[in-house]
Amino acid sequence: MAATSNYLTLEGRELHYMEWGAGHPETVIAWHGLARTGRDMDEVAAHLCSRYRVICPDTIGRGLSQWSPQPEKEYCLAFYGRLAVALMDALGVRAAHWLGTSMGGALGIHLAAGALKGRIRRLVLNDIGPKLGEAAVERIRTYAGNPAQFERVSELEQYFRTVYKPFGWLSDEQWRRLTESSTRRTTEGKVTPHYDPRMVLQFTHHPNDYDLWAAWDAIDVPTLCLRGESSDLLLAEVAEEMRRRGPRAQVVTIAGCGHAPALNVPEQLQLIERFFGA
């Protein structure tokens with residue numbers, strides 16, 4: 001089923017999103033990770049769109065969405081949450097399933113316990129939990145806050161293949177699409193990842209954004225957590241604690257991945273489909 005590219009102005013900011021499966025009564029909101037774009041959800045959206053309407057936003061400051069003129073204030077879960085609620089309201093979505101990779105999953109935790117409590121029906125977290133591995137946070141801040149620049153798109157693709165190797169297997173076609181859908185040119189003509197580097201200000205101006213155990217304990221909907229077996233962001237002991245408290249998540253370890261599984265192979269897609277359809 002064909003996807004459409006769309007724009008809405010919400011909370012005074014223009015948000016871009018892809019929509020798959022328009023017309024279905026049930027909706028999935030699929031939200032990407034920190035330095036990525038909604039196009040990361042192409043495979044899972046294409047898989048789900050025969051049954052669900054799938055909405056894949058670009059977070060403010062990423063992809064084709066507007067960059068924030070107030071980065072210290074707006075690059076945080078609270079503002080992303082306001083955008084998510086406004087997006088659902090604007091699209092007439094009363095309730096939805098939520099699928100979030102990394103930051104998008106943290107946003108799901110934040111909302112399922114707060115502004116969207118009662119409106120998120122089922123929650124899928126892709127390699128994220130209520131507490132982050134500190135070494136991973138520092139690693140991500142280092143590369144995301146100072147994005148690499150190259151003369152050629154082919155060089156940027158090789159960089160992505162290296163830095164995102166923990167995503168697991170991607171076909172050559174998928175690596176090319178990942179690159180082309182998350183590339184922009186600088187004023188000097190270099191190519192660089194398509195996001196505002198200031199989005200890492202979240203970690204300094206909102207240092208407790210990802211301390212989410214209180215929110216976790218307030219969630220009361222079925223929750224599935226996919227954990228990359230070598231993830232340094234979602235540590236094994238945190239995943240085990242997620243089984244025992246709050247919504248008592250079903251945790252599935254994804255072999256051959258770190259942070260975070262690419263959600264692009266049949267085993268991962270079928271896990272999500274079965275969970276949403278249960």
So, Tyr17 versus Tyr7, ring centres under 6.0 angstrom or not?
no

Out of Asn126, Thr59, Thr101, which one pairs with His32 under the side chain to side chain donor-acceptor pair (under 3.5 Å) rule?
Thr59

Mark yes or no for whether Gln158, through its side chain, and Glu155, through its backbone, hold a donor-acceptor pair below 3.5 Å.
no

Is it the case that the side chains of Gln70 and Ser68 hold a donor-acceptor pair, with the cut-off being a distance below 3.5 Å and no angle test?
no

Checking Leu226 against Leu125 for the side chain to side chain contact (heavy atoms under 4.5 Å, CB included) test, could you report, in this order, the C-alpha distance in whole Å, the side-chain angles of both residues, the deciding distance, and whether it holds?
CA-CA 6 Å; Leu226 309 180; Leu125 307 174; over 6 Å; no

Taking Thr192's backbone N and O only, do any of them form a donor-acceptor pair with Gln149's side chain (distance below 3.5 Å, no angle check)?
no

Got a sec: does the CD of Glu134 have more than 12 other heavy atoms crowding it under 6.0 Å?
no

Test side-chain hydrogen bond (donor to acceptor under 3.5 Å, both in side chains) on Glu188 and Thr186; report intermediate values, then the result.
CA-CA 5 Å; Glu188 295 80 23; Thr186 68; 3.2 Å; yes

Donor-acceptor list for residues 261-278 side chains, cut-off 3.5 Å, not counting sequence neighbours:
residue, atom, partner, partner atom, Å
Asn264, ND2, Trp169, O, 2.9
Asn264, ND2, Gln174, OE1, 2.8
Gln268, OE1, Leu263, N, 2.8
Glu273, OE1, His47, NE2, 2.9

For Tyr75 against Gly61, the heavy-atom pair lying closest together:
OH-CA, 3.4 Å

Any link between Val28 and Val221 through a network of hydrophobic side chains (Ile, Leu, Val, Met, Phe, Trp, Tyr) touching at under 4.5 Å?
no

Keeping Arg119 on the side-chain end and Arg94 on the backbone end, is there a donor-acceptor pair under 3.5 Å?
yes

Mind jotting down which residue pairs meet the salt bridge (charged side-chain N to carboxylate O under 4.0 Å, His left out) criterion with at least one end in residues 194-205? Sequence neighbours excluded, please.
Asp196-Arg198

Residue pairs passing the ring-ring contact (aromatic ring centres under 6.0 Å, His included) test with at least one member in residues 128-152, sequence neighbours excluded, are Phe150-Tyr159

With a 4.0 Å cut-off, would you call Lys190 and Glu151 a salt bridge?
yes

Under 3.5 Å: donor-acceptor pair, side chain of His194, backbone of Gly63:
yes

Taking Thr183 for the side chain and Thr179 for the main chain, is one N or O donor matched with an acceptor at less than 3.5 Å?
yes

State plainly whether one hydrophobic cluster holds both Ile60 and Tyr195, where clusters connect Ile, Leu, Val, Met, Phe, Trp and Tyr through side-chain heavy atoms under 4.5 angstrom apart.
yes

How far apart are the closest heavy atoms of Gly108 and Ile120, and which atoms are they?
O-CD1, 4.0 Å

Given salt bridge (charged side-chain N to carboxylate O under 4.0 Å, His left out), test Glu240 with Arg243 step by step and report yes or no.
CA-CA 5 Å; Glu240 186 56 37; Arg243 296 181 196 263; 3.1 Å; yes

Is it true that a side-chain atom of Arg227 and a backbone atom of Val252 form a donor plus acceptor pair closer than 3.5 Å?
no

Interatomic distance, Ile140 atom CD1 to Ser102 atom OG [nearest 0.5 angstrom]:
5.5 Å

So, does His16 use its side chain to make a donor-acceptor pair with the main chain of Leu8 at under 3.5 Å?
no

Evaluate whether atom NZ of Lys117 has more than 12 neighbouring non-hydrogen atoms of other residues, nucleotides or ligands under 6.0 angstrom away.
yes

Quick check for you: to the nearest 0.5 Å, what is the distance between Gln66 atom CD and Leu10 atom CG?
10.5 Å

Does Arg36 qualify as a cation-pi partner of Trp31, given the criterion of NZ or CZ under 6.0 Å from the six-membered ring centre and within 45 degrees of its axis?
no

Determine whether the side chains of Thr27 and His97 contain a donor N or O and an acceptor N or O closer than 3.5 Å.
no

Can any side-chain N or O of Asp58 pair as donor or acceptor with the backbone N or O of Thr37 at less than 3.5 Å?
no

Look up atom CG in Leu64 and atom CD in Glu14, then write down how far apart they are to the nearest 0.5 Å.
9.0 Å

Leu170 and Leu178, any side-chain heavy atoms less than 4.5 Å apart
yes

Please check if the number of heavy atoms outside Arg244 that lie under 6.0 Å from its CZ is greater than 12.
yes

Between Lys131 and Asp211, does at least one N-O distance fall below 4.0 Å, as a salt bridge requires?
no

List the atom of Val85, the atom of Ala115, and the distance in Å for their closest heavy-atom pair.
CG2-CB, 3.8 Å

Looking at residues at least two apart in the chain, or sitting in another chain, which of them share a ring-ring contact (aromatic ring centres under 6.0 Å, His included) with Tyr80?
none

Is a salt bridge present between Glu173 and Arg176, judged by a nitrogen-to-oxygen distance below 4.0 Å?
no

For a 4.5 angstrom cut-off between non-hydrogen side-chain atoms, does Pro193 reach Ser182?
no

Trace of the side chain to side chain contact (heavy atoms under 4.5 Å, CB included) decision for Val238 with Trp213:
CA-CA 10 Å; Val238 175; Trp213 280 119; 4.0 Å; yes

Within-4.5 Å side-chain heavy-atom neighbours: Met41 and Met18:
no

Nearest heavy atoms of Pro197 and Gly145, plus distance in Å:
CB-O, 3.9 Å

Tell me whether Asp172 is salt-bridged to Arg161, with the criterion being a basic N under 4.0 Å from an acidic carboxylate O.
yes

Shortest non-hydrogen contact from Ile128 toward Gly105
CG2-CA, 3.6 Å

Side chain to side chain contact (heavy atoms under 4.5 Å, CB included), that's the test. Do Trp20 and Arg53 meet it? Break it down for me.
CA-CA 6 Å; Trp20 303 69; Arg53 179 189 191 189; over 6 Å; no

Euclidean distance, Ile109 CD1 relative to Leu212 CG, rounded to 0.5 Å:
5.5 Å

Compare all side-chain heavy atoms of His24 with those of Arg51 and state whether any distance is below 4.5 angstrom.
no

Correct closest heavy-atom pair for Gln202 and Tyr210 would be OE1-OH, 3.1 Å

State yes or no: do Met242 and Trp98 share one hydrophobic cluster built from I, L, V, M, F, W and Y residues joined by side-chain heavy-atom distances below 4.5 Å, directly or via other members?
yes

Nearest 0.5 Å please: distance from the CD1 atom of Ile29 over to the CG atom of Leu91.
7.0 Å

Please step through side chain to side chain contact (heavy atoms under 4.5 Å, CB included) for the pair Asp217 and Ile219, ending with a clear verdict.
CA-CA 6 Å; Asp217 289 336; Ile219 294 173; over 6 Å; no

By salt bridge (Lys or Arg N to Asp or Glu O under 4.0 Å) - contacts of Arg139 (at least two apart)
Asp232

ring-ring contact (aromatic ring centres under 6.0 Å, His included) with Tyr164: which residues, sequence neighbours excluded?
Phe160, Phe167

Is there a donor-acceptor contact under 3.5 Å from the side chain of Asp209 to the main chain of Cys76?
no

For the side chain of Asp220 and the backbone of Ala218, is there at least one donor-acceptor N/O pair under 3.5 Å apart?
no

